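Predicted model only: the values in this text are computed from it and were never measured. We're numbering straight along the sequence, starting at 1.
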Amino acid sequence: MGVALPGPPVLTSELLMRLEERFGIDLLRRGTALSNRLKIRARHLSRDFQARQETPRRGHSNPDLATAALRRALEDARLEVGDLAYLIGHTTSPACLLPPNIALVADLLGFAGPYMELRQACTGFANALIIAAGLLAVTGVRAVAIIGSETGPVYFDPQQALEDHSQLVNLVMMGDGAGAIIVGPGDRAPGAHISGSFFGQIGLDRPPGFSLCAGASAKPFLEGETLRFEHDFAAVRASGLDLFYHGAAAARALGIGLDTIDYLIPHQANGRMAEFLSPFLGIEPERVFVNAETLGNTGSAAIWLALAELRKRLRPGASVLALGAEATKYMFGGFHYVHG
């Protein structure tokens with residue numbers, strides 16, 4: 001595995017004071033209260049907030065972060081770029097709509113093989129693993145790389161946070177980063193392995209809880225505004241925990257019970273996920289691994305960033321269940337990991 005984070009961590013208090021100093025926007029009291037409620041103390045950002053409308057700083061674009069994470073994963077796996085048979089990327093904040101973000105990663109990496117991209121957020125990792133399993137069943141395929149990457153805070157105009165509470169939530173909640181993993185065939189060789197990947201959805205006929213519509217073909221016209229993620233917090237609050245219930249049920253159907261694992265990695269929506277999920281799923285809070293307090297919600301990258309950090313403290317044979325939940329159209333997914 002490999003990770004890439006843009007620059008040093010930015011404390012919530014520092015971020016809110018920066019907005020007041022540079023834009024005259026007083027969000028300190030409201031933002032601090034919200035940050036405390038979400039338990040998000042810091043995050044890494046690809047932009048500097050020097051201007052209301054910004055792109056990622058040099059070297060910290062979405063493809064830059066994804067490439068850096070994958071290079072580190074290759075070093076960790078002791079592989080070369082040429083050993084990879086396929087690249088799979090998943091993100092909601094690509095550098096451009098076309099070509100896909102992963103094509104730019106292939107350019108930076110010098111990878112001449114095939115690739116594909118999922119425009120999917122917090123459960124992109126699960127679909128990517130299912131696709132990778134199919135690719136690895138092909139004779140001769142040695143390694144497939146999966147990269148989740150986000151640079152979402154560029155979709156934020158500080159002025160909007162005064163007018164729209166959901167944008168203030170996005171400001172204090174979201175972070176940037178990339179996480180990469182390289183998977184190989186299930187040949188029962190010693191070492192870490194992933195099993196029991198699954199994906200599903202309960203979003204039929206439900207409006208999205210999280211969306212980014214502007215700029216697409218259904219809404220191609222903009223009037224000088226910054227694109228922004230739209231949040232329907234009431235809908236997410238009403239249906240969010242159901243996603244974890246369905247995810248846990250899907251894991252049990254594969255023979256993976258919460259009582260048999262050492263750790264649960266939930267989607268890193270906020271720093272209080274252990275408090276929320278422990279009574280709901282009947283699992284001790286100390287077995288729920290959460291790093292959103294220091295990284296924020298990193299969307300597509302969240303599960304990979306959490307697993308990469310947790311691996312450093314696992315004993316050989318320890319097992320982990322990752323449960324992703326995505327409010328875009330209420331999707332859930334996950335996998336079972338055994339540390340080698």
Practice task
Name all residues meeting the side chain to side chain donor-acceptor pair (under 3.5 Å) criterion together with His60; count only those two or more places apart in sequence or in a different chain, and write none if there are none.
Solution key: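 Once residues adjacent in sequence are excluded, the partners of His60 under the side chain to side chain donor-acceptor pair (under 3.5 Å) criterion are Arg57.
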
Exercise for the section: Output yes when a side-chain donor or acceptor of Asn62 lies under 3.5 Å from a complementary backbone atom of Ser93, and no otherwise. Expected result: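 Checking the backbone N and O of Ser93 against the side chain of Asn62, a donor-acceptor pair under 3.5 Å is found.
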
Quick one: which residue pairs count as a side-chain hydrogen bond (donor to acceptor under 3.5 Å, both in side chains) with a foot in [range], not counting sequence neighbours?
range            : result
residues 241-261 : none
residues 300-309 : His90-Trp304, Glu150-Ser300, Asn291-Glu309
residues 196-216 : Arg206-Ser239
residues 25-35   : Thr12-Ser35

Point-to-point distance, once rounded to the nearest 0.5 Å, from [atom1] of [X] to [atom2] of [Y]:
X      : Y      : atom1 : atom2 : result
Leu310 : Ile265 : CG    : CD1   : 5.0 Å
Arg72  : Thr67  : CZ    : OG1   : 11.0 Å
Glu326 : Asn127 : CD    : CG    : 9.0 Å
Ile25  : Leu171 : CD1   : CG    : 9.5 Å
Arg272 : Ile40  : CZ    : CD1   : 10.0 Å

Handout entry: Residue among Thr151, Val154, Val10 satisfying side-chain contact (heavy atoms from CB on, under 4.5 Å) with Leu45
Key =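 Single side-chain contact (heavy atoms from CB on, under 4.5 Å) partner of Leu45 among Thr151, Val154, Val10: Val10.
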
Practice task
Determine, stepwise, if the pair Leu323 / Leu277 fulfils side-chain contact (heavy atoms from CB on, under 4.5 Å).
Solution key: CA-CA 11 Å; Leu323 278 185; Leu277 291 179; over 6 Å; no

Exercise for the section: Output, in order, the C-alpha distance, side-chain angles, deciding distance and verdict of side-chain contact (heavy atoms from CB on, under 4.5 Å) for Asp262 and Arg287. Expected result: CA-CA 6 Å; Asp262 294 293; Arg287 291 200 292 135; 5.8 Å; no

Scan the side chains in residues 78-88 for donor-acceptor partners under 3.5 Å anywhere in the protein, sequence neighbours excluded, and list what turns up.
residue : atom : partner : partner atom : Å
Asp83   : OD1  : Arg142  : NH1          : 3.2
Asp83   : OD2  : Glu80   : N            : 2.8

Practice task
Tell me whether the centres of the aromatic rings in Phe125 and Phe335 are closer together than 6.0 Å.
Solution key: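 Centroid distance Phe125-Phe335: below 6.0 Å, so yes.
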
Exercise for the section: Dump the intermediate steps for side-chain contact (heavy atoms from CB on, under 4.5 Å) on Phe244 and Met273, then the final yes or no. Expected result: CA-CA 11 Å; Phe244 290 102; Met273 294 304 291; 3.6 Å; yes

Handout entry: Step-by-step side-chain contact (heavy atoms from CB on, under 4.5 Å) determination, Tyr115 to Val105
Key = CA-CA 10 Å; Tyr115 50 73; Val105 175; over 6 Å; no

